[in-house]
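Read the structure below first, then the notes.
The analysis underlying the following values was restricted to heavy atoms, covering all of them including side chains, and did not include hydrogens, waters or symmetry mates.
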There are 2 protein chains.
Amino acid sequence: MARNGSYVSEAVIRRMPKYYRYLEDLEKTGVERVSSKELSQRMGLTASKIRQDFNCFGGFGQQGYGYNVSDLKKEIMKILGLDRTYNVIIVGAGNIGQALANYTGFEKEGFFIKALFDINPKLIGISIRDIMIYDLDSLEDFLAKNPIDIAVISTPKDKAQEVADRLTRNGIKGIWNFAAIDVAVPRGVIAENVHLSDSLYTLSYRIRESLE
Amino acid sequence: MARNGSYVSEAVIRRMPKYYRYLEDLEKTGVERVSSKELSQRMGLTASKIRQDFNCFGGFGQQGYGYNVSDLKKEIMKILGLDRTYNVIIVGAGNIGQALANYTGFEKEGFFIKALFDINPKLIGISIRDIMIYDLDSLEDFLAKNPIDIAVISTPKDKAQEVADRLTRNGIKGIWNFAAIDVAVPRGVIAENVHLSDSLYTLSYRIRESLE
DNA sequence: TAGATTGTTAATCGATTAACAATC
DNA sequence: TAGATTGTTAATCGATTAACAATC
């Protein structure tokens with residue numbers, strides 16, 4: 001997807017979802033075209049950076065005109081892999097697992113939650129928005145019978161790596177991890193670690209800093 | 001807190017919570033001392049970077065010995081502002097708001113949730129782990145009577161900026177925002193934007209990339 | 001003391017910014 | 001055409017890495 005097979009830096013990748021958000025907003029408010037300068041002012045980036053970022057993937061603009069909002073949005077959608085659907089399971093039906101299962105927003109972007117798994121007998125058998133909570137023991141069986149693209153890990157910290165191992169052994173290629181540990185995965189598997197507490201501690205760092 | 005009043009880069013700040021996590025693990029498993037080299041192998045960073053990072057804040061190590069795990073952990077705790085407590089409110093008692101309220105882990109680090117706020121009459125008046133859900137109309141009144149340090153925004157996207165404005169007008173200095181929008185705050189107020197969907201889209205980006 | 005490992009300076013690398021020719 | 005704005009190259013800046021003297 002990168003312009004030639006050339007390397008795209010982490011920093012650029014992390015900015016793509018942000019572009020997507022702003023372009024969606026622009027499209028929703030009926031804006032047809034946007035220049036890198038206008039976008040830079042809205043987003044708090046430099047126009048130069050924006051043009052460089054887009055040109056990692058291709059020339060989406062037009063000299064003298066700028067970028068067509070909905071075309072550019074579609075391109076970024078493709079870049080982010082949002083032009084297809086993903087089947088998702090959630091391992092750990094606690095607070096975060098349930099919250100994610102209840103949230104309907106990800107479906108709009110093609111992420112469909114197919115099952116939850118837990119070890120708690122009180123949870124096994126009930127369902128959230130028609131998504132069944134299964135016994136974790138049946139994980140391997142389920143994965144053998146259903147094509148799943150992404151697994152969310154929302155277990156306690158000390159179970160996360162073990163779960164990740166079971167997932168990758170059974171063919172899962174993408175892990176979205178909410179446990180407070182960096183899960184190790186074999187080559188070819190992608191793990192995105194969320195680390196909510198890291199985010200909170202960055203906030204407390206800045207609050208302390210601002211009080212100095 | 002930085003070594004002299006000198007600037008500490010975003011990249012360094014974002015790594016501090018990660019150090020904190022690894023040091024906590026080391027301490028828990030009874031490890032007394034660690035060298036930058038050992039830590040680098042565990043964490044997947046270079047030893048050089050680790051030493052540079054720590055030296056942004058002070059000389060915590062000892063030549064020929066390394067770092068004392070629990071001393072270093074305590075120093076990073078201070079750096080992150082975790083040597084005090086924070087009173088927290090959550091605005092938006094939906095999926096994420098409730099999940100955060102139910103989660104007890106943040107209390108161990110000194111973050112105490114004092115109240116939730118919502119506009120849904122079905123939620124107002126009930127409580128989660130003894131934390132009451134109040135009518136959003138009473139937000140200003142509550143803030144006038146209670147010293148609150150941090151507000152979580154877990155409202156729908158289109159209400160987030162308005163809520164942020166109300167919060168900052170009433171003295172809130174730290175905002176932990178889960179809505180899919182970058183909230184704008186006045187100078188002197190810290191906003192940490194979580195953007196879960198950005199994280200998910202980064203994952204789908206990498207999955208697509210790995211399939212090429 | 002000898003060995004180990006930090007703290008820190010210098011070198012390198014990569015990302016960001018600036019500039020401008022190309023072109024719509 | 002003239003004006004605007006991209007795509008892209010070159011310059012700058014900052015972060016990372018390497019190296020090593022200081023020192024426990």
Return the nearest nucleotide to the side chain of [X]; candidates are [options].
X     : options                : answer
A:R15 : C:dT16, D:dC20, C:dC24 : C:dT16
A:Y7  : D:dT5, C:dA15, C:dT8   : C:dA15
A:Q52 : C:dT8, D:dA10, C:dA19  : D:dA10
A:K49 : C:dA15, C:dA10, C:dT17 : C:dT17

Point to revise | base_contact_polar (C:dA15 base, A:S9 side chain, donor-acceptor, <3.5 Å) | key: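 Side chain to base: no pair below 3.5 Å.
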Distances under 3.5 Å between nitrogen or oxygen atoms of protein and nucleotides 1-4 of chain C:
none

Notebook entry, point to check: Is NZ or CZ of B:R42 both nearer than 6.0 Å to the six-membered ring centre of B:Y22 and within 45° of the ring axis?
Noted result: no
Taking [atom1] from [X] and [atom2] from [N], how many angstroms apart are they, rounded to a whole number?
X     : N      : atom1 : atom2 : answer
B:E10 : D:dT16 : CD    : P     : 11 Å
A:L39 : D:dT5  : CG    : C1'   : 14 Å
B:N55 : D:dA15 : CG    : P     : 16 Å
A:I50 : D:dG7  : CD1   : P     : 12 Å
A:D53 : C:dT16 : CG    : P     : 7 Å
A:F60 : D:dT6  : CZ    : C1'   : 13 Å

Anything under 30° is parallel, anything over 60° is perpendicular, the rest tilted; go ahead and classify A:F54 against A:F60.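 Correct class here is tilted.
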Please verify the inter-ring angle class for B:Y201 with A:F111; under 30° counts as parallel, over 60° as perpendicular, anything in between as tilted.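 Answer is parallel, since the angle falls under 30°.
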Measuring to OP1 and OP2 of D:dG7, would you say a side-chain N or O of A:Y67 lies under 4.0 angstrom away?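 For D:dG7, OP1 or OP2 has a side-chain N or O of A:Y67 closer than 4.0 Å.
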- Query: Side chains of A:E192 and B:S199: is there a donor and an acceptor less than 3.5 Å apart?
  - Reply: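 On atom types as modelled, these side chains qualify, holding a pair under 3.5 Å.
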Hey, does B:S48 reach any base, or is it just sugar-phosphate, or nothing, if we go heavy atoms under 4.0 Å?
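Base contact.
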- Task: Using a cut-off of 6.0 Å, state whether more than 12 heavy atoms not belonging to A:E32 lie near its atom CD.
- Result: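 Not buried by this count: 12 neighbours or fewer within 6.0 Å.
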Each base of DNA chain D marked ( ) or [ ] if paired in-strand (Watson-Crick or G-U under 3.5 Å), | if paired to another strand and . if unpaired gives ..||||||||||||||||||||||
All heavy atoms of B:L139 vs all of B:R166, minimum pair found to be CB-NH2, 3.9 Å
